[in-house]
2 protein chains.
Amino acid sequence: MISNSRAAHRDHDHERCQNAALAQARALCQHRSARLTPAREAVLHLIWHSHRPVGAYTLIEQLSAEQGHRVLPPTVYRALDFLLAQGLIHRIPSRNAFIGCPFPEVRHRNLFLLCRQCGAVAECSADTLDQAIATTAARAGFAVDGHNLEIDGLCQQCQ
Amino acid sequence: MISNSRAAHRDHDHERCQNAALAQARALCQHRSARLTPAREAVLHLIWHSHRPVGAYTLIEQLSAEQGHRVLPPTVYRALDFLLAQGLIHRIPSRNAFIGCPFPEVRHRNLFLLCRQCGAVAECSADTLDQAIATTAARAGFAVDGHNLEIDGLCQQCQ
DNA sequence: TAGCAGATGTTATTGCATTACATTTTTGGT
DNA sequence: ACCAAAAATGTAATGCAATAACATCTGCTA
Ligand SMILES: [Zn+2]
Ligand SMILES: [Zn+2]
Ligand SMILES: [Zn+2]
Ligand SMILES: [Zn+2]
């Protein structure tokens, strides 16, 4: 099992998270010949501002402030689409919000731990759990493409 | 494990599903002294029209047609809130839509099988899977309130 | 240098959900 | 039966999330 909950749900030097994520994104995009343009990188940087999911319109506001002129929805949504396609961010459906992926180089299913107190979201990837999900689906004769698991509760810090 | 996938993802006499759901809802509300008013029952009936999740604005249209006058959003959302609180329906966040719960009398976590072909959604309750989720969360020091698991893929009929 | 594909700018619209306040209906105590 | 409180419903307006459609620009390649 890999997880970023130790960082996400604790006090930590978050600039390291942010810098690491940006560096990794640049490396990954270079390797894939995908173009991490300034606009896309700016959105990714804003998303990594914290471990809390961010709404698209919040990003629009922040980006507008940063760039000194009014940024419109399609600009941000296009950047988000790119980042989603590259697996650099995830969308949290229950929140209509986006969060940075801490391990974009690894193919993985979606598994999030959402703390109702501090709002931070950690991501995990657990093969045993993915297996259990596959098994359950198989018992219903269901062929799995993918899944999204959101676990609500309290992180260790907030208990 | 309990599941309605045998019915939801196959040809079947769906009126029986609908009638059973309505009857059960009435019984449950009576037992709880919760008021399943005509408006609420009408919404529940519409939701049980099929095994596909329904959006709120679709319900608004259908209810308007049924009642012969313009029904406004808060009317439907209030009914939905009631039905959600009673566990008679669930919201599927990834679809912004609602679906009837086939076993509202049993306390359970959310686990849905969404067929990308036919659009039907089956619901399951699997203790072993709930356990696996709890275990995974526990390993991250996370105290679980609840979870929502949406599995995308193809149902047996559509494979 | 012409053409193309990808990326961005711009305007408008659609869909989903809630706030706030007025009115009506139901309920339980007298 | 009567009244007050609570619950439910009606109504208007608004806010937030996402997309459609079309124009323009940029960088690459033939
Ligand atoms: Zn961090
Ligand atoms: Zn991820
Ligand atoms: Zn049915
Ligand atoms: Zn259910």
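Every chain is numbered from 1 and lettered A, B, ... according to where its sequence line falls, protein lines coming before strand lines. The basis for the numbers below is simple: all heavy atoms, side chains too, and nothing from hydrogens, waters or symmetry mates.
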### Query
Is the distance between the ring centroids of B:Phe103 and B:His108 less than 6.0 Å?
yes
### Any donor-acceptor N/O pair, A:Ser64 side chain to A:Val71 backbone, under 3.5 Å
yes
### Message
From CD1 of A:Ile60 over to P of D:dT19, roughly how many Å is that when rounded to an integer?
### Response
12 Å
#### Entry: A:Arg139 CZ: over 12 foreign heavy atoms closer than 6.0 Å
no
### Summary
Here the distance between atom C1' of C:dA17 and atom CZ of B:Phe82, to the nearest Å, is 20 Å
### Heavy atoms from other residues, nucleotides or ligands near CG of A:Asp11 exceed 12 (cutoff 6.0 Å)
no
### Task
Take atom CG of B:Leu36 and atom C1' of C:dT26, then tell me their distance rounded to the nearest Å.
16 Å
### Message
Among residues at least two apart in sequence or on other chains, which ones pass side-chain contact (heavy atoms from CB on, under 4.5 Å) with B:Asn4?
### Response
B:Ala8, B:His51, B:Pro102, B:Ala122, B:Glu123
Interface polar pairs with nucleotides 11-17 of chain D, N/O, under 3.5 angstrom:
| residue | atom | partner | partner atom | Å |
| --- | --- | --- | --- | --- |
| D:dA17 | N7 | A:Tyr57 | OH | 3.2 |

### Query
For residues 50-61 of chain B, which residue pairs qualify under salt bridge (Lys or Arg N to Asp or Glu O under 4.0 Å), counting only residues two or more places apart or in two chains?
none
### Query
Quick one: on DNA chain C, does B:Ala97 or B:Arg35 contact a more 5' nucleotide (nearest heavy atom)?
B:Ala97
